[in-house]
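A, B, ... follow the sequence lines: proteins, then strands. Residue 1 opens every chain. The model shown is predicted, which means the values in this text are computed figures rather than measured ones.
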Amino acid sequence: MRRSAADPLGFGDLNARFADTLHKLRQAASVEVGCSAKRAVWSRGKTTLYRYAPLAASGTSGRAARHARPILICFALVNRPYILDLQPDRSLVRRLLEAGHTVYLIDWGDADDSDRCTDLEDYLERHLGGCVAHVLASHDLEALDLLGVCQGGVLSLCYTALHPRQVANLVTLTTPVDFHTADNLLSKWVRELDSDLIRATGNIPGEVLNALFLSLMPLRLAQQKYVRLLASNADQRAVEDFVRMEKWIFDSPPQAAAALAQFVRWFYQENRLLRGTLAIGGRPVNLRDIRQPVLNLYATQDHIVPAAAAAAMEHCIGSEDYESCAIDTGHIGMYVSRAAREQIPARITSWLQARR
Amino acid sequence: MSSAFKPEAAFASAAEGFFELMKSFGAQAGAGAGAAPDPSALAGSLAGQFEQWLRATQSAGPWFSPGAGAGGNPAAGFAAAFKSGGGSWPFAPLPLGVGAVPQAEGQRSFELLTQLAQLQAQLAGHWHEIATSAATQFAARLGSLAGGVPTPDSAMKVYELWVECAESAYGAAVRKDDFARLQSQLANVSAALLVEQRKHAESLARAFGLPTRNEVDELYGQVRELRRELAALAQAPVAAKRKTVARKNAGRGTRARGRRA
């Protein structure tokens with residue numbers, strides 16, 4: 001920044017930079033998110049299952065033959081899955097496609113009033129179960145590889161425990177298992193929520209979730225990043241990258257009341273998954289029933305899913321083939337940071353390859 | 001896409017806060033005729049801005065923040081959600097007037113609103129405590145950063161230190177049991193108010209012969225039950241066929257062995 005005796009702090013320069021960045025932000029307002037070609041192959045209610053088109057370049061068809069078993073990605077209900085395919089250089093999906101995997105992804109869609117009573121059993125058995133059945137039938141397979149992300153990882157753990165024969169390998173990314181670790185602020189805040197009241201209120205708007213997540217670190221998440229953008233003198237491309245992330249952060253879908261109330265009560269308040277007291281649709285969910293290979297990836301600086309909450313999986317599952325990988329980043333960094341981009345796709349691919 | 005998604009507004013608001021910090025920084029230095037800024041005066045000024053910002057953006061936690069995203073309040077709760085949905089603010093009187101609401105129900109809403117105001121006052125106490133603690137930490141750590149004539153780079157470093165201290169103070173306060181309890185209470189009272197408001201709407205719906213939410217929920221329950229029965233019926237022939245095939249195969253196997261013998 002330029003400064004002079006009359007303007008030692010460089011206000012003039014900063015003002016110009018402010019105007020320039022604001023202009024770039026406005027230019028970037030309509031930036032696209034999601035980059036890889038995909039088509040809807042199955043749907044139920046608001047849930048859509050997508051299959052990504054294989055990449056034509058770099059001889060992936062040969063590699064695809066090696067990775068015949070498809071990967072089904074189960075994302076969280078509380079965020080949009082396009083973060084996994086945000087843009088060409090920030091796309092876990094694209095890296096997996098490049099490695100020759102066949103990739104499917106579940107988009108839970110936007111719950112509306114007709115979904116108010118949709119509960120976790122519906123999401124697990126009818127929606128996730130429907131996606132699994134479709135993929136298995138399409139490939140004439142008995143089992144697929146399941147990649148669960150965040151809350152979707154919790155659903156994946158439950159599904160694998162309930163239907164172990166349909167999952168060959170399980171990969172979890174930022175997935176909490178112990179919801180009562182001391183550093184879990186979200187868990188502390190919702191500990192005395194009245195879940196019956198949540199259910200009675202109706203679907204929870206996405207804005208409430210956005211606000212809740214930002215409230216965990218308000219100054220960092222709602223101020224500092226913008227000041228850093230100002231200070232960095234970002235070019236148009238960097239501003240567009242920034243806006244894509246912003247779009248995702250402020251794009252939480254509305255939550256079906258019944259499912260959210262159950263999730264808050266069973267997982268956050270009563271920690272049933274860890275305690276082995278969880279039952280879905282009357283069927284007990286016992287993590288000891290997970291005996292297939294498990295790769296557990298989590299972040300060391302995660303403010304939403306603390307590392308200890310994810311690492312607790314090791315002592316709960318029945319698998320003897322368990323591997324974990326802690327990456328030095330935060331929750332969102334697990335999807336877009338350089339460290340994650342360099343490590344996660346390669347780790348998943350090599351781990352799966354070793355188990356084909 | 002959420003109505004709170006206005007990055008340029010949030011950016012403008014954050015930049016404004018940063019300019020304020022720089023002005024305080026410059027003013028402190030100016031007051032000392034080129035000398036280093038006074039840490040406690042700078043910390044006091046920042047703490048004041050922080051508390052004001054917390055009151056404006058986090059007035060009642062994420063559950064009940066009436067301000068919308070514009071102007072840099074991305075943390076907008078139920079209220080903003082209702083505005084964005086084109087609906088009216090849910091806790092305001094119904095458009096058909098107070099007479100439409102039975103008195104006992106109106107009384108309950110009033111009690112809940114009073115309770116909400118009390119909880120918000122408690123929250124304001126926390127914001128003050130957080131801002132004061134942040135200022136103390138900041139003044140203690142400013143040290144060498146405050147030395148010499150302020151420059152743009154040193155202003156940025158001061159800002160980063162301020163964020164660190166403010167988040168540290170915030171993190172320590174919001175992890176305490178009483179704050180966590182307050183968050184739950186705020187959410188519960190906000191939800192109870194919404195439910196209460198819906199009750200009023202239900203009475204009106206009933207009066208106009210429209211199905212109520214409870215009735216629709218019951219219908220959904222019936223659909224769900226029917227869906228389960230249908231799934232069981234669809235599974236039954238498949239299971240029966242499997243059994244028959246298994247029985248036939250077993251029989252064939254016996255015959256084959258018999259023939260070979």
Side-chain angles (χ1 to χ4, degrees), chain A residues 1 3 8-11 13-15 18 21-22 25-26 28-29 113-114 116-117 122 126 185 188-194 197-198 200-202 205-227 229-231 242-243 246-247 249-252 254, chain B residues 1-5 7-8 10-12 14-15 17-19 22 25-26 29 50 54 57-58 61-63 65 69 72 74-78 80-82 84-85 149-153 155-156 159 163 166-167 170-171 174-175 180-181 183-185 187-188 191-192 194-195 198 217 220-221 224:
Chain A
M1 278 183 258
R3 60 196 185 108
L9 281 169
F11 271 112
D13 189 37
L14 206 57
N15 267 323
F18 169 75
T21 309
L22 197 60
L25 279 168
R26 286 183 180 136
D113 253 10
S114 67
R116 206 167 59 236
C117 302
D122 290 318
R126 295 187 58 245
L185 182 55
K188 276 197 100 143
W189 279 7
V190 302
R191 203 66 64 83
E192 291 184 31
L193 274 188
D194 184 339
L197 211 46
I198 296 178
T201 305
E207 283 86 347
V208 172
L209 296 177
N210 296 339
L212 180 62
F213 294 138
L214 291 183
S215 296
L216 298 174
M217 293 197 298
L219 209 56
R220 279 198 207 287
L221 301 176
Q223 289 259 308
Q224 188 188 36
K225 63 180 174 183
Y226 301 110
V227 172
L229 182 71
L230 173 70
F242 181 86
V243 170
E246 287 290 285
K247 267 195 174 182
I249 288 167
F250 287 101
D251 193 16
S252 290
Chain B
M1 176 68 56
S2 156
S3 66
F5 177 66
E8 66 275 18
F11 170 74
F18 182 61
F19 286 148
M22 289 189 67
F25 201 40
F50 185 38
L54 282 172
T57 60
Q58 318 272 310
W63 323 103
S65 299
F78 283 118
F82 271 83
S84 72
V149 180
T151 64
D153 284 349
M156 193 61 201
Y159 175 77
V163 171
E167 282 292 354
Y170 180 87
V174 302
R175 279 184 165 74
R181 204 172 302 119
Q183 281 285 6
S184 288
Q185 285 171 337
N188 291 340
L194 192 55
V195 169
R198 291 243 166 91
D217 283 353
Y220 179 83
R224 196 182 149 97

Are A/Q223 and B/Y159 linked by a side-chain donor-acceptor pair shorter than 3.5 Å? no
Quick one: of A/L229, A/I198, A/D122, who has the most non-hydrogen atom pairs under 4.5 Å with chain B? A/D122
When only pairs under 4.5 Å are counted, which of A/C117, A/P218, A/A29 shares the most heavy-atom pairs with chain B? A/P218
d(B/Q183 CD, A/L212 CG) to nearest 0.5 Å is 7.5 Å
Under 4.5 Å heavy-atom distance to chain B, tell me which part of A/L216 shows up: side chain, backbone, both or neither. backbone
Please report the shortest heavy-atom distance between A/R191 and B/S184, naming the atom on each side. N-OG, 4.0 Å
Chain B contact via A/R26 - which portion, at a heavy-atom distance below 4.5 Å: side chain
Any side-chain heavy atom of B/V163 sitting closer than 4.5 Å to one from A/V227? no
With sequence neighbours excluded, what pairs up with B/F11 under the ring pair (Phe, Tyr, Trp, His ring centres under 6.0 Å) test? A/F18
Who among B/Q185, B/R175, B/E8 has the most heavy-atom pairs with chain A under 4.5 Å? B/R175
